[in-house]
Number of protein chains: 2
Amino acid sequence: MNLPPLCESFVLHFGEMGSRWGINRTVGQIYAVLFVSDRPLCADDIVERLGISRSNVSMGLKELHSWNLLRPHNIQGDRREFYGTPDDIYAIVRTLVDERKKREIDPTLTMLRELLMQSPESEPERHAQDRMREMHELIELMTGWYADVQKLETERLIQLLSLGSKVVKVLDFKDKIVSLPGSLMKGK
Amino acid sequence: MNLPPLCESFVLHFGEMGSRWGINRTVGQIYAVLFVSDRPLCADDIVERLGISRSNVSMGLKELHSWNLLRPHNIQGDRREFYGTPDDIYAIVRTLVDERKKREIDPTLTMLRELLMQSPESEPERHAQDRMREMHELIELMTGWYADVQKLETERLIQLLSLGSKVVKVLDFKDKIVSLPGSLMKGK
DNA sequence: TTGAATTTTCAGTATTTGTTGAAAATTCGG
DNA sequence: CCGAATTTTCAACAAATACTGAAAATTCAA
């Protein structure tokens with residue numbers, strides 16, 4: 001592997017982690033190398049840095065592309081395609097969550113909805129369906145929250161995340177105020 | 001597979017999904033079968049329902065145990081061990097998130113912290129380290145939020161999730177009130 | 001203790017997934 | 001168009017992961 005030590009450690013770790021996620025080692029490494037690079041890289045740059053075959057890089061890039069995780073750059077007077085990752089790391093995380101949701105959650109929601117429409121033919125099936133209903137409700141609640149929060153600009157999102165559970169206190173406070181007779185509330 | 005049709009569909013789907021996560025098909029199926037069952041099951045019940053080998057079930061249960069996802073039941077006068085899943089699906093999700101965080105996030109945080117302490121020896125390394133710093137900050141923000149929210153009782157959590165991004169409006173409202181001269185605020 | 005019931009381990013095998021080089025396909029300047 | 005540069009595909013091979021049966025280990029009632 002042809003990288004400065006700091007980058008190499010990072011890339012190796014990402015490769016390992018990659019396999020704990022659904023993605024494979026090489027794909028993880030390719031992304032890592034692009035993520036820390038100070039300029040967009042072409043396929044052969046990646047071959048050189050990671051010491052893997054050209055075809056493997058091609059397939060890795062294809063995979064990353066299908067995850068919407070790449071930012072292609074065209075360099076004037078060079079036929080090769082260069083790749084980087086989005087500068088905004090919040091954007092990266094959004095994309096990642098969106099894609100994982102699409103692949104790991106949405107199909108389950110669809111399946112659950114289908115099974116919930118069927119009529120159970122026996123007691124065990126009735127119970128199974130109740131469990132599925134609970135699961136469906138919870139997933140809907142969480143994905144609904146995400147769909148909603150996803151729309152916030154980064155600024156707001158950070159504000160929200162920084163508050164953590166303290167928002168609950170604010171909600172209590174609001175309830176108190178709003179229920180006061182002759183409250184201050186006017187618009188919104 | 002020896003299950004009523006409704007359950008079989010659910011179990012098969014979970015098996016498929018399992019492989020998109022880090023876990024394998026069988027482990028996913030075992031959990032699914034326990035999740036929808038109306039009573040705790042012993043290893044041989046699972047063998048019978050899924051049509052896989054006894055040893056495979058044993059390993060699958062071991063894996064699920066390491067994820068803290070099982071609830072063992074002792075049945076009076078029966079030497080076999082019976083397993084179920086927690087009744088509270090919120091508890092299941094909490095466990096799941098905790099474990100994934102432990103396996104997929106925490107090691108990365110540790111690695112990042114280590115690499116951030118080193119001094120970059122070159123310009124590319126300096127840039128790489130900046131990227132790592134961004135990543136580190138974002139992960140800390142998100143895990144901090146989670147650690148905080150995790151402590152809420154289910155009731156509160158549902159309240160929070162249901163609100164979604166509307167909490168931001170509430171925060172604006174609060175800011176308005178709090179900045180009023182002679183505000184109503186007293187306690188808190 | 002003993003030994004039947006039950007669970008776990010593990011070496012061997014099967015299956016799946018990842019990697020490669022070579023060949024085919026594409027792209028684009030001339 | 002042509003053909004050099006570049007990318008993609010794919011069949012063969014390699015590596016990793018999953019699954020099994022048989023044997024070892026454990027558990028517990030008698």
Side-chain angles (χ1 to χ4, degrees), chain A residues 1-2 11-12 14-34 40-67 70-84 103-104, chain B residues 1-2 11-12 14-34 40-67 70-84 103-104:
Chain A
M1 200 167 285
N2 196 356
V11 166
L12 286 173
F14 249 67
E16 285 315 305
M17 264 357 212
S19 33
R20 298 208 190 173
W21 290 38
I23 72 172
N24 77 42
R25 198 163 41 80
T26 307
V27 173
Q29 290 184 352
I30 294 176
Y31 200 74
V33 102
L34 294 176
L41 303 178
C42 73
D44 284 310
D45 293 332
I46 299 169
V47 168
E48 200 240 334
R49 282 166 175 68
L50 298 183
I52 59 180
S53 76
R54 183 52 235 270
S55 49
N56 204 357
V57 170
S58 179
M59 286 171 140
L61 288 172
K62 195 167 135 196
E63 171 84 4
L64 288 172
H65 179 76
S66 83
W67 281 80
L70 293 181
R71 207 152 97 70
H73 291 249
N74 268 37
I75 288 188
Q76 177 57 258
D78 194 325
R79 270 168 63 183
R80 291 168 303 174
E81 189 67 66
F82 288 76
Y83 300 94
R103 291 157 198 242
E104 301 177 4
Chain B
M1 201 168 282
N2 197 356
V11 166
L12 286 174
F14 249 67
E16 285 316 306
M17 265 356 211
S19 31
R20 297 209 192 173
W21 291 36
I23 71 173
N24 78 42
R25 196 162 42 81
T26 307
V27 173
Q29 290 184 353
I30 293 177
Y31 200 74
V33 102
L34 294 177
L41 302 178
C42 73
D44 284 309
D45 293 331
I46 299 171
V47 167
E48 201 240 334
R49 283 165 175 68
L50 297 183
I52 59 181
S53 76
R54 183 53 234 270
S55 48
N56 204 357
V57 170
S58 179
M59 286 169 139
L61 288 172
K62 196 167 134 195
E63 171 83 5
L64 288 173
H65 180 75
S66 83
W67 281 80
L70 294 181
R71 207 152 97 70
H73 292 251
N74 268 38
I75 289 188
Q76 176 58 258
D78 193 327
R79 270 167 65 182
R80 292 169 302 172
E81 189 67 66
F82 288 76
Y83 300 96
R103 289 157 200 243
E104 300 177 5

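In the text below, chain A, chain B and the rest are named by the order of the sequence lines, each starting its count at 1.
- To the nearest 0.5 Å, atom SG of residue A:Cys42 and atom CG of residue A:Asp78 are 7.0 Å apart.
- The side-chain hydrogen bond (donor to acceptor under 3.5 Å, both in side chains) check on B:Ser55 picks up B:Ser53, with sequence neighbours excluded.
- Not a single salt bridge (Lys or Arg N to Asp or Glu O under 4.0 Å) links B:Arg54 to another residue, sequence neighbours left out.
- Taking the salt bridge (Lys or Arg N to Asp or Glu O under 4.0 Å) definition, one finds that B:Glu104 meets it with B:Arg100, sequence neighbours left out.
- With axes fitted over five pairs at each extremity, the angle between the ends of the helix from C:dT1-D:dA30 to C:dG30-D:dC1 is 30° (10° resolution).
- Here A:Arg20 pairs with nothing under the salt bridge (Lys or Arg N to Asp or Glu O under 4.0 Å) rule; sequence neighbours left out.
- A pairwise comparison of heavy atoms in B:Ile52 and B:Val47 identifies O-CG1, 3.3 Å as the closest pair.
- For the side-chain contact (heavy atoms from CB on, under 4.5 Å) criterion with A:Glu48, the lone passing option out of A:Val57, A:Asn2, A:Leu41 is A:Asn2.
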Report summary line: The contact string for nucleotides 19-30 of chain C, one letter per nucleotide 5' to 3', using protein heavy atoms under 4.0 Å with B, S and - for base, sugar-phosphate only and none, comes out as SBB-----BB--
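- The side chain of A:Lys62 contributes an N or O atom lying less than 4.0 Å from OP1 or OP2 of D:dT9.
- We find that CG of B:Leu50 is positioned 11 Å from P of D:dT20, with the value rounded to whole Å.
- The 5' end of DNA chain D is approached more closely, in terms of each residue's nearest nucleotide, by A:Ala43 than by the other of A:Ser19 and A:Ala43.
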